[in-house]
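Down below is the structure, laid out as structure tokens.
Here the structure is a predicted model, which is why all the values come from computation and not from measurement. Chain letters run A, B, ... following the sequence lines, proteins first and then strands; every chain starts at 1. Atoms considered below: every heavy atom in the structure, side chains included; atoms not considered: hydrogens, waters and symmetry mates.
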Number of protein chains: 2
Amino acid sequence: MILTCRYAPYVPQREPPHAPGPGSDHVPDNGSVTGPKQAPGPRADDRPPPRHRDLRLAVDRASPVPLYFQLARQLEAAIESGTLAPGSLLGNEIELAARLGLSRPTVRQAIQSLVDKGLLVRRRGVGTQVVHSHVARPLELSSLYDDLLAAGQHPSTRVLQNARGPAPAAVAAALGLPESCQVAVVHRLRLTHGEPMAYLCNYLPCDLLEPATPELEATGLYALMRHHGITLHSAEQTVGARAATAEESRLLAEPAGAALLTMQRTTYDDRGRAIEFGSHLYRASRYTFEFRLLVRA
Amino acid sequence: MILTCRYAPYVPQREPPHAPGPGSDHVPDNGSVTGPKQAPGPRADDRPPPRHRDLRLAVDRASPVPLYFQLARQLEAAIESGTLAPGSLLGNEIELAARLGLSRPTVRQAIQSLVDKGLLVRRRGVGTQVVHSHVARPLELSSLYDDLLAAGQHPSTRVLQNARGPAPAAVAAALGLPESCQVAVVHRLRLTHGEPMAYLCNYLPCDLLEPATPELEATGLYALMRHHGITLHSAEQTVGARAATAEESRLLAEPAGAALLTMQRTTYDDRGRAIEFGSHLYRASRYTFEFRLLVRA
DNA sequence: AAGTGGTCTAGACCACTTT
DNA sequence: AAGTGGTCTAGACCACTTG
């Protein structure tokens, strides 16, 4: 997962016509007292980076996969495998294009997609190089959903409630529905290895989808919605923390008043309709939320 | 802020040559029991969307600002102001290009940047339309850093410790430094309106920067690093929750054992060097973390 | 069948960085 | 001065959606 903070393409020096000059692209400021989870590679130094002209690259024009995407995948694989070492230069775009028999814009599109992923860095007058620390991979795959369904976690779902009812005011507002409109109300307990992990309350407009309990127990809500032909587009999330109530601590098998990680989310489809509002509680003792933040200067 | 979950461009139907087909692009599955913060616009229906050919657009070729960026800004302004109503179609790219005297790729670049921001949606065979709910704006600006420094919050910083010391094992690992290497250790209390808000512990390689206490009290750590010529590139963050220790609750003026929001972060510069590790504690009673998630199908 | 976006080409000029 | 990425053009063909 990539959290892009702000957009601001290169702009020549005279005239600062819009906000995003240097000094306005922030990454949040954080910190406390526990340890990180893994060591990146050895510390990078400032030796002149090696060049790579001998990379084996080839595209298949008969394939239905877009050329730029084929190239991007090969470069990504080379970076992951270490063939393209961190810090090495990619060789200029024109040469790369010539070697592959592609046009420069196509090569640029491939490279740009990797820059967007944080695997490459482009510097004008210098070249394109592989980011030194390649910690990108593990984090790309991590997400709350993946964490819950991850291999070896043996996730399961217990449906506590699945009914139709009037939307609470806050939910109606989030979904853009009239007050007290009927919605599908789903309360679930998500377990891993049979242990409770999260308590999930979701609300869905009932003209869109009323999930069946067996479906809910067999899969995640999003997979279910996709299966019903809904195209997810975006979501707005708020993460916080609070102490568990008596009932919550009972449900989640936590001590009374334990710290819980909270998340509220409104999800939209590709037409911009709100299709779901969720209010979730995670056991902080077993759960964290990881992501990667990219600063686009 | 935009959290992009996964990349996978359009791929023709035969042959699923790589992972990201439908069904592999997930948004995390969340939820709990409080209310959302604001109502989006009225619920979108399925009326045929209006067309917009009468939008006033013009680019200035004498300006140093890239043409695609000028266009993107104008479109964004039109969306925000409501001139381009949610759901309205943009008119096809060719026509738009002709009207502006631009080439199609340039217009596409402008549109793509707004699609990346989540303001527009493109559908093949249909057209480009404005996302129905335009809640994007407020969330774009929100970030932990912005929240703390936001207008009206009167943020301030109290430096509790600013010294050089050996890196704890976990910190050394995160920064890619040898065990017990000397690092700059900074402990700060961040206040808003004179009230404690967060307790921030940061570690920096001392060959990079040793911040002066007055600097730390006058500004944020990132602004300070940028001021010293460091180019931020990316960060990896982990968000969680736990109960406060006795000392933490005292520092943050919270009751004993209160739930705190935790965040750990490693920041990298544009050469991939780890330039900072932070471990932060936020008062959950006053602080949440908001972001937007875009699903790229 | 018509209209849309998705991809691709083969050039071009400019701005920035380094030597 | 040389080399790099940043931007831009004017076309082209294809795949998908809708009527």
Which residues pass the salt bridge (Lys or Arg N to Asp or Glu O under 4.0 Å) test with A:Glu210, sequence neighbours left out?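 A:Glu210: salt bridge (Lys or Arg N to Asp or Glu O under 4.0 Å) contacts with A:Arg164.
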A:Glu93: partners by salt bridge (Lys or Arg N to Asp or Glu O under 4.0 Å), with sequence neighbours left out: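 Testing A:Glu93 for salt bridge (Lys or Arg N to Asp or Glu O under 4.0 Å), a comparison that skips the adjacent residues, returns A:Arg104, A:Arg108, A:Arg122.
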Base, sugar-phosphate, or nothing: which does B:Leu67 touch, judged by heavy atoms less than 4.0 Å apart?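 The residue B:Leu67 makes sugar-phosphate contact but no base contact.
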What residue among A:Asn202, A:Leu209, A:Thr267 forms side chain to side chain contact (heavy atoms under 4.5 Å, CB included) with A:Leu221?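 Going through the options one by one, the only one that passes is A:Asn202.
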Any side-chain N or O of [X] less than 4.0 Å from the OP1 or OP2 oxygen of [N]?
{"X": "B:Arg123", "N": "D:dA15", "result": "no"}
{"X": "A:Tyr68", "N": "C:dC8", "result": "no"}
{"X": "B:Thr128", "N": "C:dG5", "result": "yes"}
{"X": "A:Asn92", "N": "D:dT4", "result": "yes"}

Rounded to the nearest Å, what distance is computed from the [atom1] atom of residue [X] to the [atom2] atom of nucleotide [N]?
{"X": "A:Glu95", "N": "D:dG3", "atom1": "CD", "atom2": "P", "answer": "12 Å"}
{"X": "A:Glu93", "N": "D:dT7", "atom1": "CD", "atom2": "P", "answer": "11 Å"}
{"X": "A:Arg124", "N": "D:dG6", "atom1": "CZ", "atom2": "C1'", "answer": "5 Å"}
{"X": "B:Phe69", "N": "C:dA15", "atom1": "CZ", "atom2": "C1'", "answer": "17 Å"}
{"X": "B:Leu89", "N": "D:dT18", "atom1": "CG", "atom2": "P", "answer": "12 Å"}
{"X": "A:Gln112", "N": "D:dG5", "atom1": "CD", "atom2": "P", "answer": "12 Å"}
{"X": "A:Leu120", "N": "D:dG5", "atom1": "CG", "atom2": "C1'", "answer": "13 Å"}
{"X": "A:Ile111", "N": "D:dT7", "atom1": "CD1", "atom2": "P", "answer": "14 Å"}

Using side chain to side chain contact (heavy atoms under 4.5 Å, CB included) as the criterion, list what pairs up with [X], not counting sequence neighbours.
{"X": "A:His227", "answer": "none"}
{"X": "B:Ala212", "answer": "B:Pro214, B:Glu215"}
{"X": "B:Thr106", "answer": "B:Leu67, B:Tyr68, B:Leu102, B:Ser103"}

5'-most by nearest nucleotide on DNA chain D - B:Gly125 or A:Arg108: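 First, find each residue's nearest nucleotide; the 5'-ward one identifies A:Arg108.
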Starting at the 5' end of DNA chain D, write a dot or bracket for each base, bracketing those in Watson-Crick or G-U wobble pairs whose two distances are under 3.5 Å and using | for partners on another strand. ||||||||||||||||||.
Quick one: closest heavy-atom pair of A:Leu89 and A:Val126, and the distance?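 It is CD2-O, 4.4 Å.
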For the student: nearest non-hydrogen atoms of B:Val65 and B:Ser63, plus distance: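 It is N-OG, 2.9 Å.
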Side chain of B:Arg61 only, please: which of C:dT17, C:dC8, D:dC8 is the nearest?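 In terms of side-chain proximity for B:Arg61, the closest of C:dT17, C:dC8, D:dC8 is D:dC8.
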Ignoring the backbone of A:Arg122, work out which of C:dT9, D:dC8, D:dG5 is nearest its side chain.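 For A:Arg122, the side-chain atoms sit closest to D:dG5.
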Show each protein N/O and nucleotides 10-12 of chain C N/O combination with a separation under 3.5 Å, one pair to a line.
from, atom 1, to, atom 2, distance (Å)
C:dA12, N6, A:Arg104, NH1, 3.1

Full working for side-chain contact (heavy atoms from CB on, under 4.5 Å) between B:Val115 and B:Val121: CA-CA 6 Å; B:Val115 169; B:Val121 177; over 6 Å; no
side-chain contact (heavy atoms from CB on, under 4.5 Å) for A:Val107 and A:Leu71? Distances and angles first, verdict last. CA-CA 8 Å; A:Val107 170; A:Leu71 175 54; 4.1 Å; yes
